[in-house]
Asker: 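Take this structure, written in structure tokens, and hold onto it; I'll ask about it next.
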Amino acid sequence: MTFFKMTGLVAVVLMATSCCSAQQKFPLRSGEWEATLPAVNAQDTPTIVTYCLNDELWQKAFNQMPSCTIQNFNMTSKGASYTLDCDMKMYRMNGKVVMTFDGMEHMTANGSIDMTMNGKTTHSTSQVDYHWKNATCSPNDMNLKVRRTQ
């Protein structure tokens, strides 16, 4: 269950950073953003992931998950919603994500995701909270880290 819940949360974060690629421009303030994922278990602490988001990286994020498709995309000035369908090697995931924009420096993403692995489907819900940090991005942001192969 923990694997499924964490996978769902990660999917919401990744897809939320790419959902608006159907729109050419990043709809909120460009720069460094923190995504807070709630703790999976009561004894854990929330996970904070830092992203750099601007027009170019918003579009690029969409192309980084070729195993996922976005459908029924709808964008307004107050938020966005879409359905996602991911066919990974070990599991399949689909569901709906609703994002709410609260000004130019805050958004939330609520996901309702079904994951199927070895013929068993598990449902999870998740919420990710995004806050704008500043206009300058760090090279340590999740989507800017240099990946080295050994």
Side-chain angles (χ1 to χ4, degrees), residues 1-40 46-133 135 137-147:
M1 177 72 168
T2 301
F3 168 77
F4 283 121
K5 190 162 189 102
M6 194 54 148
T7 302
L9 286 171
V10 170
V12 169
V13 170
L14 292 175
M15 297 310 287
T17 60
S18 65
C19 78
C20 299
S21 64
Q23 173 182 319
Q24 292 297 324
K25 297 186 182 246
F26 179 57
L28 304 177
R29 190 174 301 246
S30 292
E32 192 169 60
W33 285 75
E34 279 187 346
T36 303
L37 292 76
V40 175
T47 300
I48 298 174
V49 182
T50 310
Y51 291 95
C52 184
L53 295 174
N54 56 33
D55 291 348
E56 177 188 356
L57 294 170
W58 195 252
Q59 182 68 30
K60 184 178 177 183
F62 180 72
N63 299 324
Q64 290 182 343
M65 290 197 67
S67 56
C68 295
T69 58
I70 294 174
Q71 299 171 347
N72 304 318
F73 177 79
N74 183 30
M75 171 75 88
T76 69
S77 61
K78 301 286 185 191
S81 63
Y82 58 93
T83 57
L84 64 92
D85 188 18
C86 301
D87 192 5
M88 310 298 216
K89 289 182 180 180
M90 297 185 61
Y91 60 93
R92 182 171 189 82
M93 179 171 50
N94 58 18
K96 181 170 180 148
V97 175
V98 176
M99 297 179 67
T100 303
F101 304 148
D102 180 17
M104 294 294 290
E105 299 177 356
H106 181 250
M107 62 181 164
T108 57
N110 292 291
S112 178
I113 309 292
D114 289 325
M115 287 170 265
T116 304
M117 183 176 199
N118 298 324
K120 182 180 177 188
T121 301
T122 304
H123 180 79
S124 74
T125 58
S126 59
Q127 181 176 20
V128 181
D129 192 53
Y130 294 84
H131 288 276
W132 182 81
K133 289 181 61 179
C137 294
S138 163
N140 294 323
D141 290 350
M142 179 63 87
N143 58 335
L144 295 181
K145 286 183 179 179
V146 177
R147 298 187 193 275

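Since the model is a prediction, treat every value here as computed from it, not as a measurement.
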Asker: Quick one, Leu28 and Tyr130 - any side-chain contact, counting heavy atoms below 4.5 Å?
Answerer: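 The answer is no; the side chains never approach within 4.5 Å.
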Asker: Any chance you could measure Ile113, atom CD1, to Ser124, atom OG, to the nearest 0.5 Å?
Answerer: 6.5 Å
Asker: Looking at every non-hydrogen atom in both residues, tell me the closest pair between Glu32 and Cys137 and how far apart they are.
Answerer: N-SG, 3.7 Å
Asker: Let me check something: any side-chain donor-acceptor pairs from residues 96-107 under 3.5 Å, sequence neighbours excluded? List them with distances.
Answerer:
unit_1: Glu105; atom_1: OE2; unit_2: Arg29; atom_2: NE; d: 2.9
unit_1: Glu105; atom_1: OE2; unit_2: Arg29; atom_2: NH2; d: 3.3
unit_1: His106; atom_1: NE2; unit_2: Asp129; atom_2: OD1; d: 2.6

Asker: Search all heavy atoms of Ile70 against all heavy atoms of Tyr82 and return the closest pair with its distance.
Answerer: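 It is CG2-CB, 3.6 Å.
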Asker: Does a side-chain heavy-atom distance below 4.5 Å link Ser138 with Leu144?
Answerer: no
Asker: Can you check whether Asn54 reaches Glu56 side chain to side chain, under 4.5 Å on heavy atoms?
Answerer: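 They are in contact (side-chain heavy atoms under 4.5 Å apart), so the answer is yes.
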Asker: Nearest 0.5 Å please: distance from the CE atom of Met142 over to the CD1 atom of Ile48.
Answerer: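 Met142 atom CE to Ile48 atom CD1 measures 12.5 Å (nearest 0.5 Å).
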Asker: Work out which heavy atom in Asn143 is nearest to a heavy atom in Cys52; give both atom names and the distance.
Answerer: ND2-O, 2.7 Å
Asker: Given side chain to side chain donor-acceptor pair (under 3.5 Å), test Thr121 with Thr116 step by step and report yes or no.
Answerer: CA-CA 4 Å; Thr121 301; Thr116 304; 2.8 Å; yes
Asker: Are the side chain of Thr83 and the backbone of Gln71 linked by a donor-acceptor contact shorter than 3.5 Å?
Answerer: yes
Asker: Do you know which two heavy atoms are closest between Met90 and Met117, and how far apart they sit?
Answerer: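 Result for this residue pair: O-CG, 3.5 Å.
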Asker: Quick one: pull up CG in Asp114 and NE2 in His123 and give me the separation to the nearest 0.5 Å.
Answerer: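 Going from CG on Asp114 over to NE2 on His123, the span is 6.0 Å.
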Asker: What I'd like to find out is whether the side chain of Thr50 reaches to under 4.5 Å of the side chain of Asn140, using heavy atoms alone.
Answerer: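 They are not in side-chain contact.
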Asker: To the nearest 0.5 Å, how far apart are OG1 in Thr108 and NE2 in His131?
Answerer: 9.0 Å
Asker: Sequence neighbours left out, what pairs pass salt bridge (Lys or Arg N to Asp or Glu O under 4.0 Å) with at least one residue falling in residues 72-90?
Answerer: Asp85-Arg92, Asp87-Arg92
Asker: Do you know which two heavy atoms are closest between Ala80 and Phe73, and how far apart they sit?
Answerer: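 So the minimum-distance heavy-atom pair works out to CB-CE1, 4.3 Å.
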